[in-house]
Amino acid sequence: MSNIILVDLMYGDSGKGRYVDYISQWAHTVVRTGGGANAGHTIIVDGKKIVLHLIPSGVLRSGVTCVLADGMVIDPEVLVQEIEMLGFSPIKLMISPHAHVVFPYHKELDASRENAVKNPIGTTKRGIGPCYESKAARSGVRIENYLDTPLGEKLRPFVRDTSRYLWNATRADKNILFEGAQGTFLDIDHGTYPYVTSSSTVAGGACTGSGLGPTCMDGVVGITKAYTTRVGNGPLPTELFDEVGEQIRKVGKEYGATTGRDRRVGWLDAAALRVACRLNGVDSLAITKLDVLNGINPIKVCIGYKVNGEHRDEMPLNLNELELAIPNYVGLAGFNCDFSKVKERRDLPAEARNYLSFIEGELYIPIEFISLGPDRNEAIGGNPF
Ligand code: IMP
């Protein structure tokens, strides 16, 4: 395999950065194909904590080329700041001329709309929706038409035909990772509309957003935390409002990297993951933050829903149905584990292995990566390329 799409199966913040850092040791190029500065990941550079919003997490490994592809909406102020902070050269970063520019008025419009309504979407106020509106209305400005401005001049050396670059890299059998942004249920077509973002966040978006055809893709890794989180408004049927939820939020440090908001926390939702796996054509799973569930007993998993007395094995996406949907939980034995001693899956206690096998059994997809802590070495997995 050489071209892999990584996609968040839920509402974003699944720890993609963690997985991308791990997989980037084998990657030649890491690509972002949609969204913009609404994403956020924290990295440590020379002992300093930095939050990046546009440059993909693959930046953590030297020798990896980062691409901001056609489907993105780019805030030049944020991008120039990130490039200058990291001291990037044009060998390391490429920007598509077709990506759209987020202007200050897009951000103002986003914020004023959110502030004006009783039931806001809970956006990041980064101008994402209004910029994609300009694009769809065919009145937007692309990066290629922005290069004569003071900020545009700083971006000019990085701009090149990224679709062609990716095609050539594919022909040369280089390993390319398409780093999805946000999450499956924030997708403009397939998410919990209208509580979604304005771009295509499912695996198919990697093709439209990069200019590579579907036959160029070799595999889809679906990533989720061992529990569920969501920032912003919209349905989260397995949400926890008790001390277990509070414990998971604290231990998992579930606070938004872009907005600092508390993330809402809930049990793992296999009925939602089932939908996500088929929407994305997932063929392998990555589970993050298993360690955060340490000491919680029992651990519940939603395996289906009751809607108007009828059993559903998939989470309904119609908001009216979702409001009425009652999760059907299975309680699994919790685990107490010194994760520092775990090097392989078989080193995990039986209860933790059972939790993972249960997820695999519900989804019929193997788990091929497990993260057990924030450090680079606290993970189990092989080379997925
Ligand atoms: P927007 O993308 O700023 O328009 O926000 C729309 C919805 O997507 C809101 O619920 C945001 O909280 C959510 N969202 C956008 N980007 C991210 C992300 O990177 N992680 C998690 N949620 C996100």
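From a predicted model like this one, the values you see are computed outputs, not experimental measurements. For ligands, and for the atoms within them, numbers begin at 1 and follow the listed sequence.
- Proximity of Lys16 to ligand 1, defined as any heavy-atom pair under 4.0 Å, is not found for any part of the residue.
- In this structure, Asp283 contributes its side chain and Gly219 its backbone to no donor-acceptor pair below 3.5 Å.
- None of Leu332, Ile287, Leu348 except one satisfies the side-chain contact (heavy atoms from CB on, under 4.5 Å) rule with Tyr355; the exception is Leu332.
- Between the side chain of Glu179 and the main chain of Val20, no donor-acceptor pair closer than 3.5 Å is present.
- Side-chain contact check for Lys16 versus Ser57: every heavy-atom pair is 4.5 Å or farther apart.
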Q) Given Tyr19 and Tyr22, is the ring pair (Phe, Tyr, Trp, His ring centres under 6.0 Å) satisfied, shown in steps? A) CA-CA 5 Å; Tyr19 181 79; Tyr22 148 81; 5.6 Å; yes

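- Here the protein heavy atom with the shortest distance to atom 10 (O) of ligand 1 is Val231 O, 3.3 Å.
- Under a 4.0 Å heavy-atom criterion, Arg261 is in contact with ligand 1.
- Using a 4.0 Å cutoff on heavy atoms, Ser198 does not count as a contact of ligand 1.
- Among all protein heavy atoms, the one lying closest to atom 14 (N) of ligand 1 is Leu186 CD1, 3.8 Å.
- Among protein heavy atoms, atom 3 (O) of ligand 1 sits closest to Thr124 OG1, 2.6 Å.
- Side-chain N or O atoms of Ser284 include none that pairs as donor or acceptor with a backbone N or O of Pro366 at under 3.5 Å.
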Q | Verdict with reasoning, Arg263 to Arg249, per side-chain contact (heavy atoms from CB on, under 4.5 Å) | A | CA-CA 7 Å; Arg263 292 183 184 140; Arg249 183 177 300 110; 5.5 Å; no

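- Looking at Val196 against ligand 1, only its backbone comes within 4.0 Å, counting heavy atoms.
- Taking atom 11 (C) of ligand 1 as the reference point, the nearest protein heavy-atom neighbour is Gly122 O, 3.5 Å.
- Residue-level proximity to ligand 1 for Tyr11 is carried by the backbone, the only part with a heavy atom below 4.0 angstrom.
- The closest protein non-hydrogen atom to atom 2 (O) of ligand 1 is Thr197 OG1, 2.6 Å.
- The protein heavy atom nearest to atom 20 (N) of ligand 1 is Asp13 OD1, 3.2 Å.
- The single protein non-hydrogen atom nearest to atom 5 (O) of ligand 1 is Thr123 CA, 3.3 Å, given as residue, atom name and distance.
- Checking only distances, Asn38 does come within under 3.5 Å of ligand 1, N or O to N or O.
- One distance of note links CZ of Phe185 with CG of Leu317; it measures 6.0 Å at 0.5 Å rounding.
- The shortest heavy-atom distance from Gln182 to ligand 1 is under 4.0 Å.
- Around atom CZ of Phe358, more than 12 heavy atoms belonging to other residues, nucleotides or ligands sit under 6.0 Å away.
- Looking at atom 19 (O) of ligand 1, its nearest protein heavy atom turns out to be Ala39 CA, 3.2 Å.
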Q | Residues Lys225, Asp13; criterion side-chain contact (heavy atoms from CB on, under 4.5 Å); working and verdict | A | CA-CA 8 Å; Lys225 285 177 199 167; Asp13 309 313; 4.1 Å; yes

